[in-house]
Amino acid sequence: MKIDHRTVGVLEENCYLVVDDSSGRAVVIDPGDEGERIIAMIRGAAVQLDAIWLTHAHVDHIGAVAALRRAFDVPVLLHPLDLPYYTRLSAQAAEMYGIDFEQPDAPDREIADGDVLECGSLRFTVMHVPGHAPGLVSFNGEGVAFGGDLLFAGSIGRTDLPLGSPLDMDSSLERFASELADETIVYPGHGPKTTLAREKQSNPFLTGRARSVRR
Ligand SMILES: [Zn+2]
Ligand SMILES: [Zn+2]
């Protein structure tokens, strides 16, 4: 497996390209902005793109979906609880923040907790971890987790946005930390990658020194 990424847009979101070396097939996770740069990354890797997987549908994670679909004509996968963002709220947020945004067509496939997604020989299990957004999912497998804005190196995603839930965030973090192996490499929606072990040691939201409900 190869993982490449580009940090895109004013909100510095991480868009990941996940490649199965054995088959040359790939998926892109959270194409948030700067479609041309993401398209160049995919073309440069000389892979067969299978799909666009979305951890959630905040504006900084879906801004380049329309451009990628035009370039590659691949299906978009999203948890249905984030449809309010995908279809309406993200466009509103873009207008409010003055971000260029192209409204993408409706997603092609709904994903749910426990779904197993394939990319060539790679297998990822969908874990529904709401709180930062109602339909936030993490794609877990092959020793890594793409958790979107659930868990960052040293911090967690904010829960004060519309449809956010601090209580859900707490149970999602607890589940994520208890069900995944400590050595899992976490690729977050913002900032550098980390490991679950490192976060369990030093992240105040996992050590119990801070609770998201008090933020
Ligand atoms: Zn977000
Ligand atoms: Zn984000």
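Remember, it's a predicted structure, so these values are computed and weren't measured experimentally. First listed ligand is number 1; within each ligand, the first listed atom is number 1.
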Results of side chain to side chain contact (heavy atoms under 4.5 Å, CB included) for Asn203 - residues two or more places apart only: Leu151, Glu199, Phe205, Leu206
What pairs of residues pass the salt bridge (charged side-chain N to carboxylate O under 4.0 Å, His left out) test when at least one of them lies in residues 130-154, not counting sequence neighbours?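 Counting only pairs at least two positions apart or across chains, no salt bridge (charged side-chain N to carboxylate O under 4.0 Å, His left out) contact touches residues 130-154.
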I want to verify a count. Protein N, O or S atoms less than 2.8 Å away from the Zn ion (ligand 1), how many are there?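 Atoms of protein N, O or S type lying less than 2.8 Å from the Zn ion (ligand 1) total 4.
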Go through the steps to decide whether Cys15 and Ile29 satisfy the test side chain to side chain contact (heavy atoms under 4.5 Å, CB included), and finish with yes or no. CA-CA 6 Å; Cys15 168; Ile29 298 176; over 6 Å; no
Do the two ring centres, one from Phe152 and one from His190, sit under 6.0 Å apart?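 Aromatic pair counts; centres sit under 6.0 Å.
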Those residues at least two apart in sequence (or on a different chain) that pass salt bridge (Lys or Arg N to Asp or Glu O under 4.0 Å) with Arg43 are none
Result of checking Phe146, Phe124, Tyr16 against Trp53 for ring pair (Phe, Tyr, Trp, His ring centres under 6.0 Å):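 Option passing the ring pair (Phe, Tyr, Trp, His ring centres under 6.0 Å) with Trp53: Phe124.
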